[in-house]
Number of protein chains: 2
Amino acid sequence: MNLPLTEARNTCGSADSQVVATKLAALSHPARIEILKHLSASRSCCCREVVDHLDLAQSTVSQHLKILVDAGLVRYEPDRQRSRYQVDREALAGLSASLTTLVNSCCSGC
Amino acid sequence: MNLPLTEARNTCGSADSQVVATKLAALSHPARIEILKHLSASRSCCCREVVDHLDLAQSTVSQHLKILVDAGLVRYEPDRQRSRYQVDREALAGLSASLTTLVNSCCSGC
DNA sequence: ATCGTCTATCGTCGATAAACGATGAATCTC
DNA sequence: GAGATTCATCGTTTATCGACGATAGACGAT
């Protein structure tokens, strides 16, 4: 597990904080967490599948998916009239690593 | 107008997702990430210290701190007329673990 | 007792998020 | 071709966030 983060120690790195914050914001909604779980359970999902699973309007689910895609946590691939959404495991692992790094930097100071 | 839905559907996230989402939401703001870093650098901080460090209004910083405290990521202890804020490292590590678990569950499906 | 400092909270305002229905494009199915 | 299905997007409404100034409470110092 190599961490690609080189400036994790920078206490003044507001740019870094901004990037991490944006990705965490994408995960800071229960519906989107559920979507992520569901996506990972199936190999790939179309929007309709998620709609059936979540009891939200189709437009709402589509927006949540878009937010996840924009954050780089989910990959999107149009497939005929369907859409195919897939968890970007590397990106998710990277975010997890970022948070771990933050936690470690918080715990190393004492 | 509260119709008790049957348990076939997931009403916008399980309780677990809600809890994790709330904590992630507390971290999904660059100012709060910076606050967390600053808190971990010092042993404990009063509000004024953070205000000097961050170039935000005192009331704004106080609100950010409250959000972090409400999320359970920071502990608060009134000390005379000052306040003492301190990173809850266990809670932070727990959140990191939750995210790691989510990532792992996403990666175990393939 | 009064002044200055440190806090938290209130009220406000603009911006953003979240949810929905409606619509149109693209694609199956018949 | 006609109708159904899937999907993203638009427009709208409501709720929440983020920031600030103002204010009041608590405390230390003078």
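Letters go in sequence order (proteins before strands), and every chain restarts at 1.
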In whole angstrom, give the distance that lies between atom CZ of Arg84(B) and atom C1' of dC6(C). 14 Å

Rounding to an integer number of Å, can you tell me how far Arg48(B) CZ sits from dA8(C) P? 13 Å

Rounded off to whole Å, could you give me the CD-to-P distance for the Glu77(A) and dA8(D) pair? 13 Å

Looking for any heavy atom pair under 4.0 Å, which part of the strands does Ser62(A) touch: base, sugar-phosphate only, or nothing? base

With the side chain counted from C-beta on, respond yes when Asp16(B) and Lys37(A) share a heavy-atom pair under 4.5 Å apart, and no when they do not. yes

Which salt bridge (Lys or Arg N to Asp or Glu O under 4.0 Å) pairs, counting each pair once, include a residue from residues 90-99 of chain A, with sequence neighbours left out? none

Is atom CZ of Arg75(B) surrounded by more than 12 heavy atoms (other residues, nucleotides or ligands) closer than 6.0 Å? yes

Please say which of Val69(B), Val50(B), Ile35(B) ends up in a side-chain contact (heavy atoms from CB on, under 4.5 Å) with Tyr85(B). Val69(B)

When the distance from CD1 of Ile35(B) to P of dT7(C) is rounded to whole Å, what number comes out? 13 Å

Does a nitrogen or oxygen in the side chain of Tyr85(A) sit under 4.0 Å from OP1 or OP2 of dT6(D)? no

Counting C-beta onward and ignoring hydrogens, is there a side-chain heavy-atom pair between Arg48(B) and Ser83(B) closer than 4.5 Å? no

Give the ring-plane orientation class for His64(B) versus His29(B), where under 30° counts as parallel, over 60° as perpendicular and anything between as tilted. tilted

Nearest to the Tyr76(B) side chain among dC7(D), dT9(C), dA8(C), which nucleotide is it? dA8(C)

Rounded interatomic separation in angstrom, taking CG from Leu54(A) and C1' from dA18(C): 14 Å

If the cut-off is 4.0 Å, is Arg82(B) near the phosphate of dC6(C), judged by side-chain N/O to OP1 or OP2? no

Round to the nearest Å and state the distance from Lys66(A) atom NZ to dT16(C) atom C1'. 15 Å

With the side chain defined as heavy atoms from C-beta on, Arg32(A) is closest, among dA18(C), dA8(C), dC7(D), to dA18(C)

Output the rounded distance in Å from CG (Asp70(A)) to P (dA18(C)). 13 Å

Who are the side chain to side chain contact (heavy atoms under 4.5 Å, CB included) partners of Gln58(A), not counting sequence neighbours? Cys47(A), Val51(A), Ser62(A)

Protein-to-nucleotide contact annotation, 5' to 3' order, nucleotides 19-30 of chain D [B base; S sugar-phosphate only; - none; under 4.0 Å, heavy atom]: BBBB----SS--

